Participant: 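Below are the structure tokens for one structure; questions will follow.
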Amino acid sequence: MSKIQAIRGMNDILPGQSEIWLYVEDTVKQVLKQFGYQQIRMPIVEQTRLFTRSIGEVTDIVEKEMYTFLDRNEESLSLRPEGTAGCVRAGIEHGLLHNQIQRLWYAGPMFRYEKPQKGRYRQFHQIGVETFGMATAQIDAELIILTHNIFKAFGISDSIELQLNTLGSNQARIEYKVALVDFLNGIKEQLDEDSQKRIDTNPLRVLDSKDKNTQSLLDAAPDFNDYIDEESKSHFEELKSLLEVSGVSYTLNPRLVRGLDYYNKTVFEWVTDKLGSQGTVCGGGRYDSLVEQLGGRAVPASGFGLGVERFILLLEELNVLPESIKSQPEVYFVAAGKGCSVAQFKLTQQLRDHWPNIHIISDCTGSKFKAQMKKADASGARLCLILGENELNEEKIVVKDLRNGEQQVVQWSALNKELKIILDK
């Protein structure tokens, strides 16, 4: 019988790696808490029309990448390909948005059907941040500074670059699209295949094509700045000044458009040259029309998404993960002999009650002493507690330091006191 394997591009996170994930998630949560953001949790399955209305019916995500199926009621459902639309849906449904200020964050898996490669998977994880009710450049600056503080918390701010652009108002974007499509149709046969397809579906995406020949042809494209409205320009100038006084450097990228239809005004990405072609680690911007587009009253909004897998790849590449995140026990409890297992469980529970923050492994294999001691050495624990029949009869226990080999015999009643002395050294 053939083995059942995980779906390609949907990966298990194994012990040893999961500790890194916990460290990353906990560190990011602390920064979010510092800025006053609250967590929201949404389902991973939504009505398909939520994404066709928000992302756009002719985007690559909706046309090619969504996992979509009919349930038993013949209703079209999809695994979420991104988090913003679901967050907006939840906000509208539960009355969180109209005439309110919200700073929200979420974390979890997203799903897109595409060719798996390093840093790009079919099930991937994001930490998303969304804000509602604030139309100012100040909240755009806060989001970018928040991401900057996340990178500072991991010590990698020198290895990642902020790219910044403005898309102007929705009307300015529409007018620019008309001019851009006219230009692109004139050079269509010279463009790469993906860009040719995007002329009729999502022409702005041609601007961030990775094809070098296409990029050279775009030097003659209409200048987006010629179509940006004055209010958007003023917004963008204020944003840049706020970043500058906050010590956040940036690079202007006039071809940065982001991949989703709902963005307007500010868009940004944090990119690195340490991960090859998968260089975008975090990105976001404003989406002031999305709430109304999904059936709510008009509410200004902005946010970003941080790709967890890609971020962890960057941390590993830069070798900045601390050794302390490895999950190793402080104490390993070995017991063998008649009646010893009962006392082992009793003592272990007393230790865990007294030391709730200490990692204690109790050997439950039933192996002989020698085999258990090998497991204790392999565990990486600092101390080994050894209980045999002689110790059981005298209500004593051997405490062995696995680092220097020193050991002592301790009364059960004095065990907590002796452990404190040893662990405090």
Side-chain angles (χ1 to χ4, degrees), residues 1-6 11-30 107 125 154 308 312 315-316 319-425:
M1 184 180 295
S2 61
K3 293 181 180 178
I4 299 175
Q5 295 183 317
N11 302 318
D12 301 305
I13 302 169
L14 303 178
Q17 192 73 7
S18 61
E19 285 82 3
I20 297 174
W21 281 68
L22 287 170
Y23 163 70
V24 168
E25 291 163 355
D26 289 345
T27 304
V28 173
K29 285 177 187 177
Q30 286 302 311
H125 296 75
F154 291 95
V308 179
I312 289 175
L315 296 177
E316 291 175 332
N319 196 28
V320 295
L321 291 167
E323 286 292 321
S324 59
I325 65 175
K326 293 181 179 178
S327 182
Q328 292 182 324
E330 285 89 354
V331 177
Y332 196 101
F333 202 139
V334 166
K338 188 176 180 180
C340 288
S341 61
V342 174
Q344 176 191 20
F345 270 71
K346 176 183 176 181
L347 288 171
T348 301
Q349 188 58 35
Q350 290 176 354
L351 289 170
R352 288 176 177 145
D353 288 342
H354 189 82
W355 303 86
N357 295 320
I358 286 185
H359 184 175
I360 302 170
I361 288 183
S362 182
D363 192 295
C364 297
T365 62
S367 305
K368 294 183 179 180
F369 260 128
K370 188 174 181 180
Q372 290 189 45
M373 289 302 298
K374 283 185 178 180
K375 291 184 178 68
D377 286 330
S379 73
R382 178 180 176 184
L383 299 177
C384 183
L385 304 182
I386 304 169
L387 182 66
E389 291 183 30
N390 291 338
E391 290 80 17
L392 176 65
N393 294 332
E394 298 177 9
E395 293 194 354
K396 294 180 178 179
I397 193 165
V398 176
V399 180
K400 182 175 181 179
D401 190 322
L402 294 174
R403 295 179 182 175
N404 57 28
E406 294 178 359
Q407 64 183 48
Q408 55 183 306
V409 180
V410 178
Q411 290 285 343
W412 291 359
S413 59
L415 182 56
N416 284 326
K417 181 181 178 181
E418 291 301 321
L419 284 180
K420 186 176 189 313
I421 293 172
I422 296 170
L423 292 172
D424 283 348
K425 288 182 180 177

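In this text the structure is predicted, and so the values were computed from the model without any measurement.
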Participant: Report yes or no: does E19 contribute a side-chain atom to a donor-acceptor pair with the main-chain N or O of G16 at less than 3.5 Å?
Facilitator: yes

Participant: For the atom pair CZ (R382) and CD1 (I358), what is the distance rounded to the nearest 0.5 Å?
Facilitator: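 Reported value, rounded in 0.5 Å steps: 10.0 Å.
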
Participant: With a 4.5 Å cut-off on side-chain heavy atoms, are W355 and E330 touching?
Facilitator: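 When only atoms from C-beta onward are counted, W355 and E330 do not touch, as no gap falls below 4.5 Å.
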
Participant: Answer whether the closest heavy-atom distance between the side chains of I386 and E391 falls below 4.5 Å.
Facilitator: no

Participant: At what distance, to the nearest 0.5 angstrom, does CD1 of I312 lie from CG of L321?
Facilitator: 8.0 Å

Participant: Closer than 3.5 angstrom, by distance alone: can the side chain of S379 be matched with the main-chain N or O of A376 as a donor-acceptor pair?
Facilitator: yes

Participant: Tell me the closest heavy-atom pair linking D401 and L383, and the distance in Å.
Facilitator: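 Heavy-atom minimum between the residues: CA-CD2, 3.8 Å.
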
Participant: Which atom pair, heavy atoms only, marks the closest approach of G388 to F369?
Facilitator: CA-CZ, 3.8 Å

Participant: What are the two closest heavy atoms between K338 and E389, and how far apart are they?
Facilitator: N-OE2, 3.0 Å

Participant: Does any pair with a residue in residues 410-424 pass salt bridge (Lys or Arg N to Asp or Glu O under 4.0 Å), and if so which ones, sequence neighbours excluded?
Facilitator: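 Residue pairs passing salt bridge (Lys or Arg N to Asp or Glu O under 4.0 Å), neighbours aside: K420-D424.
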
Participant: Nearest 0.5 Å, what's the CD-CD1 distance between E406 and I422?
Facilitator: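 So the gap between those two atoms works out to 9.5 Å.
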
Participant: List the atom of K396, the atom of Q411, and the distance in Å for their closest heavy-atom pair.
Facilitator: CE-NE2, 3.0 Å

Participant: Nearest 0.5 Å please: distance from the CD1 atom of I361 over to the CG atom of L385.
Facilitator: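 CG of L385 is found 12.0 Å from CD1 of I361.
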
Participant: Would you find a donor on one side and an acceptor on the other, under 3.5 Å apart, between the side chain of D363 and the backbone of T365?
Facilitator: yes

Participant: At their closest point, which heavy atom of L387 faces which heavy atom of C340, and how far apart are they?
Facilitator: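 Minimum heavy-atom contact is CD2-O, 3.7 Å.
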
Participant: State the CD1-CG distance between I421 and N416, to the nearest 0.5 angstrom.
Facilitator: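 CG of N416 is found 11.5 Å from CD1 of I421.
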
Participant: Could you tell me whether the side chain of I20 reaches within less than 4.5 Å of the side chain of L315, counting heavy atoms only?
Facilitator: no

Participant: Go through the steps to decide whether Q328 and E323 satisfy the test side-chain contact (heavy atoms from CB on, under 4.5 Å), and finish with yes or no.
Facilitator: CA-CA 11 Å; Q328 292 182 324; E323 286 292 321; over 6 Å; no

Participant: If we ignore hydrogens and angles and just use 3.5 Å, is the side chain of Q372 paired with the main-chain N or O of S367 as donor and acceptor?
Facilitator: yes

Participant: Any side-chain heavy-atom pair from W412 and L392 closer than 4.5 angstrom?
Facilitator: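 Side chain of W412 against side chain of L392, heavy atoms only: contact under 4.5 Å found.
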
Participant: Check Y332 against K375 and note the closest heavy-atom contact, atom names and distance.
Facilitator: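 Smallest interatomic distance, heavy atoms only, reads OH-CB, 3.4 Å.
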
Participant: Are any of the side-chain heavy atoms of L415 and V399 separated by less than 4.5 Å?
Facilitator: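 They are in contact (side-chain heavy atoms under 4.5 Å apart), so the answer is yes.
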
Participant: What distance separates F154 CZ from Y23 OH, expressed to the nearest 0.5 Å?
Facilitator: 5.5 Å

